[in-house]
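Source: prediction; values computed, not measured.
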Protein chains: 2
Amino acid sequence: MSAFDELLAFQRQTEALSSVAERLAWDQETVMPRGATEQRAEEIAAMESVLHERRADPRVGEWLDLAEPEDDEDARIIDLIAREHHRATRVPAPLAMELARQTSLAQGVWAEARAKDAPQDFLPVLNDILMLKREEAAALADGGDLYDVLLNDYEPGATQAGIAALFDAMRPRLVALREDILGAEFQPAPLLGHFPQETQLRLARACATAYGYDWTRGRMDLAVHPFSSGRWQDSRITTRVVETDPFNCIYSTIHEVGHSSYELGIDSDHAFTPLGRGVSMGAHESQSRIYENQIGRGRAFAGWLYQRMADAFDGLSVPDADAFYATVNRVTPGHIRTEADEVQYNLHIMLRFDLERDLIAGRLDTDDLIEAWNARFLKDFGIAVDRPANGLLQDVHWAVGLFGYFPTYALGNVYAGCLNAAMREAVPDLDQFLAQGDATPAVEWLRENMQRHGGLYPPRELIERATGEEISEEPLLDYLEQKFGAIYGL
Amino acid sequence: MSAFDELLAFQRQTEALSSVAERLAWDQETVMPRGATEQRAEEIAAMESVLHERRADPRVGEWLDLAEPEDDEDARIIDLIAREHHRATRVPAPLAMELARQTSLAQGVWAEARAKDAPQDFLPVLNDILMLKREEAAALADGGDLYDVLLNDYEPGATQAGIAALFDAMRPRLVALREDILGAEFQPAPLLGHFPQETQLRLARACATAYGYDWTRGRMDLAVHPFSSGRWQDSRITTRVVETDPFNCIYSTIHEVGHSSYELGIDSDHAFTPLGRGVSMGAHESQSRIYENQIGRGRAFAGWLYQRMADAFDGLSVPDADAFYATVNRVTPGHIRTEADEVQYNLHIMLRFDLERDLIAGRLDTDDLIEAWNARFLKDFGIAVDRPANGLLQDVHWAVGLFGYFPTYALGNVYAGCLNAAMREAVPDLDQFLAQGDATPAVEWLRENMQRHGGLYPPRELIERATGEEISEEPLLDYLEQKFGAIYGL
């Protein structure tokens with residue numbers, strides 16, 4: 001066996017083990033008995049320790065030195081494994097294990113604190129995790145910027161400065177659009193009523209099927225904070241149900257179908273190689289966003305959904321498909337990021353981006369975090385945070401150590417804007433299919449032009465190959481102004 | 001750290017990883033999408049490879065050499081780890097991996113073959129697994145008996161000869177009892193009707209609760225072949241539903257609660273040490289059997305269950321609790337081991353014991369297995385096998401490589417007989433509780449006298465400490481003759 005083949009065979013097992021660790025995390029958030037948190041923390045720590053040892057294995061270093069790529073694909077594989085190896089050799093094993101253990105335990109603490117609206121139960125734990133993440137970043141940064149290092153775990157190639165510049169370019173047009181919308185004369189009606197859980201879940205399944213979600217390689221369960229999990233032959237989605245708001249369940253589901261479709265859409269020759277996963281969180285989020293928003297909240301699909309919902313719930317409080325379309329895209333003041341509309345969503349991200357940069361830089365203590373959150377929220381959104389569950393406690397991300405992750409959501413929106421423009425040009429009759437509840441022509445275009453490549457190209461290159469254009473915030477902002485301008489008569 | 005402490009710390013992580021592998025197997029049989037079999041096989045193989053490497057790790061050998069036990073408990077821990085280490089160093093890693101991979105794949109093949117009644121789809125796969133198991137046994141046997149080696153994986157200390165002698169002692173009394181019963185004038189009525197799945201599952205939950213099953217450390221799901229899975233803080237049960245036969249679901253559930261209770265009943269200081277698991281399959285089965293049969297099919301608990309079922313299903317086809325008790329213990333000719341009554345069950349085991357001894361010894365080919373099964377079944381049970389799903393294809397065990405496992409079921413029955421005699425003496429008013437649907441005094445006696453010790457004592461010693469008597473088939477046979485003699489008026 002050549003060094004490259006040995007490297008690949010070893011990596012294949014590492015990928016399988018990392019897939020097991022992911023399945024374990026899924027179990028924890030969906031089906032695990034609540035008394036098992038301590039045990040699960042040890043199990044996850046053990047898995048992370050094994051994964052860490054393998055990624056840092058000196059043999060990997062030797063194979064990397066000797067491996068001779070035959071083509072660009074081999075070179076990319078070597079590059080991705082080298083990146084993991086570098087990360088693993090820089091972060092000491094005990095630190096990696098401790099982080100895995102603490103974040104596993106913190107998840108339960110966060111969920112309880114959120115349920116009880118008791119941030120004081122969560123903040124000390126969050127502080128421990130923050131300290132561990134800073135230690136980890138310092139081990140990796142080589143004197144460079146701590147936040148950039150964390151960001152690169154989720155979006156290779158991105159920088160704090162680049163994202164700050166992007167956000168600066170987006171903010172004025174988003175703020176202006178938001179003000180125009182909130183000041184408009186026409187305001188869509190909310191959807192009123194009681195929508196039983198079972199019917200919502202049935203509709204959510206129908207939506208997933210409309211996007212061609214492969215139920216033989218996936219399933220749907222309930223979770224506090226919806227997520228998708230897994231790759232290749234087993235990528236599962238989760239959703240949640242609020243019986244007064246069916247859009248929560250339906251659009252969460254479509255969002256997670258976007259993530260799972262990306263994984264399931266990767267060429268199966270890439271399975272259990274470093275190319276067999278979505279290439280970055282931003283690329284991932286571009287799929288969930290375009291599924292949810294540009295496709296799922298467009299007029300054509302909304303028309304189909306209106307009819308399905310009216311049938312399922314025996315009539316709706318809005319009179320017709322046009323009114324329904326406006327309701328689906330209703331912009332109102334609100335606290336919760338995951339419930340935010342397309343216009344305000346990125347403002348939620350900007351808040352978290354700035355706070356977490358300050359936390360990592362040591363400019364902000366967790367003791368002062370609630371105050372900082374609430375002050376910034378009031379400033380950006382014009383309303384006060386009424387309770388911690390609607391503020392700091394709404395997201396699980398920091399509890400599980402995901403610092404540097406939030407901006408990838410906004411990047412995903414930007415990528416989705418670019419992809420949508422290209423897709424609409426390439427599939428001009430798409431709306432005719434969407435109006436029939438068939439989103440598969442969109443999924444096929446995305447699969448063919450982006451999803452199937454998995455990790456083959458770096459994120460920016462991937463999107464630029466798919467669209468034939470340089471990445472820019474313009475298509476997203478143009479799309480938002482046009483869509484919401486039409487709905488609100490601006 | 002002393003060598004013993006280092007050994008213990010290393011083992012703790014191995015135990016956590018083995019718990020993960022068990023959780024993965026649970027996932028496969030309950031919630032996994034059906035298109036994921038290939039991926040799951042690789043995941044399980046990767047986990048087994050890691051576990052194998054750890055158990056065979058030369059450092060473990062060194063620590064074992066240096067470890068100085070301070071007491072009997074330490075000595076027992078060392079002995080159990082040494083046994084695993086010995087096994088792992090004898091079985092070559094590629095063989096262990098191949099076995100894990102093949103048995104994972106075979107499970108799907110078995111399930112499909114069973115559903116389609118197509119043994120020809122399964123037999124070649126079974127043959128591959130048999131060859132691998134023989135290879136494994138040969139690596140371990142050091143020239144000794146192959147079957148004894150496999151048996152010792154499940155029941156340390158047991159031998160083929162000892163079990164054959166035990167079965168020889170049991171067979172005449174069981175056969176005589178069975179003939180008397182089938183020839184008796186009185187025959188209990190079957191339970192007739194249609195019993196909706198949801199109601200059955202609700203009753204099954206109530207039964208689990210009656211035995212004090214801790215739902216904060218467990219859950220219940222559906223599976224083709226019910227099993228229990230997990231330890232410490234997370235031991236889950238599975239069940240199945242046949243809408244014409246509610247006893248299938250209810251007694252499967254109670255049976256699996258017995259297994260899970262044993263794991264959940266182990267002192268938590270033993271968690272993630274080699275003492276933190278049930279000590280043998282026979283010991284395990286003694287718990288599932290005594291929960292299911294001596295407790296669950298006794299007159300007192302049956303009286304309570306009768307009322308619950310009559311309420312839940314709005315009346316039953318049997319007139320009263322006495323008739324219900326006879327129905328619950330009805331002995332009829334049948335093909336399926338898991339549906340067999342207490343009298344005939346052990347005859348099913350004897351059949352499998354003899355066939356698998358022949359398979360392992362090379363005296364029987366898988367090509368001739370169906371014929372051998374069917375001939376022996378006709379001889380032992382007086383009826384022909386009507387279709388392979390009711391014959392060879394009924395059990396998953398061989399498909400997953402469990403040769404030498406079946407006899408532990410009968411051993412479990414023998415142990416349960418011993419435990420029941422001692423428990424009834426120690427808790428004379430037990431039936432008063434059982435009649436109220438409260439089996440917890442029995443569970444408490446079993447926990448205190450047996451379950452809590454986990455792996456601390458070898459199986460025979462464990463049972464003999466709990467009962468104060470030598471193990472013998474007499475209490476089981478006495479109990480069966482008395483109980484069924486009374487029911488059938490013999």
Exercise for the section: Search all heavy atoms of Ala16(A) against all heavy atoms of Ala46(B) and return the closest pair with its distance. Expected result: CB-CB, 3.8 Å
Fill in the blank from the handout: CE (Met32(A)) and CZ (Arg217(B)) are apart, to the nearest 0.5 Å, by 13.0 Å
Handout entry: Rounded distance (nearest 0.5 Å) linking atom CD of Glu22(A) with atom CD of Glu43(B)
Key = 9.5 Å
Exercise for the section: With a 4.5 Å cut-off on heavy-atom pairs, point out which of Glu38(A), Arg54(A), Arg231(A) contacts chain B the most. Expected result: Glu38(A)
Fill in the blank from the handout: For Asp234(B) and Gln39(A), the nearest pair of non-hydrogen atoms, with its separation, is N-OE1, 3.5 Å
Handout entry: Student check: side-chain heavy atoms of Val31(B) and Arg236(A) closer than 4.5 Å
Key = yes
Fill in the blank from the handout: Distance col, row Leu24(B):CG vs Ser19(A):OG, nearest 0.5 angstrom, shows 8.5 Å
Problem - Residue part contacting chain A, namely of Thr14(B), when any heavy atom lies under 4.5 Å - result: neither
Practice task
Please examine the side chains of Glu42(B) and Gln233(A), heavy atoms only from C-beta on, and report whether any two atoms are closer than 4.5 Å.
Solution key: no
Exercise for the section: Would you mind checking which part of Arg23(B) comes under 4.5 Å of any heavy atom in chain A, side chain (CB onward), backbone (N, CA, C, O), both or neither? Expected result: side chain
Problem - Flag if over 12 foreign heavy atoms under 6.0 Å of CD, Glu112(B) - result: no
Problem - Which portion of Glu15(B) sits near chain A, non-hydrogen atoms under 4.5 angstrom - result: neither
Exercise for the section: State which residue, out of Val20(B), Val50(B), Asp27(B), fulfils the side chain to side chain contact (heavy atoms under 4.5 Å, CB included) condition with Val20(A). Expected result: Val20(B)
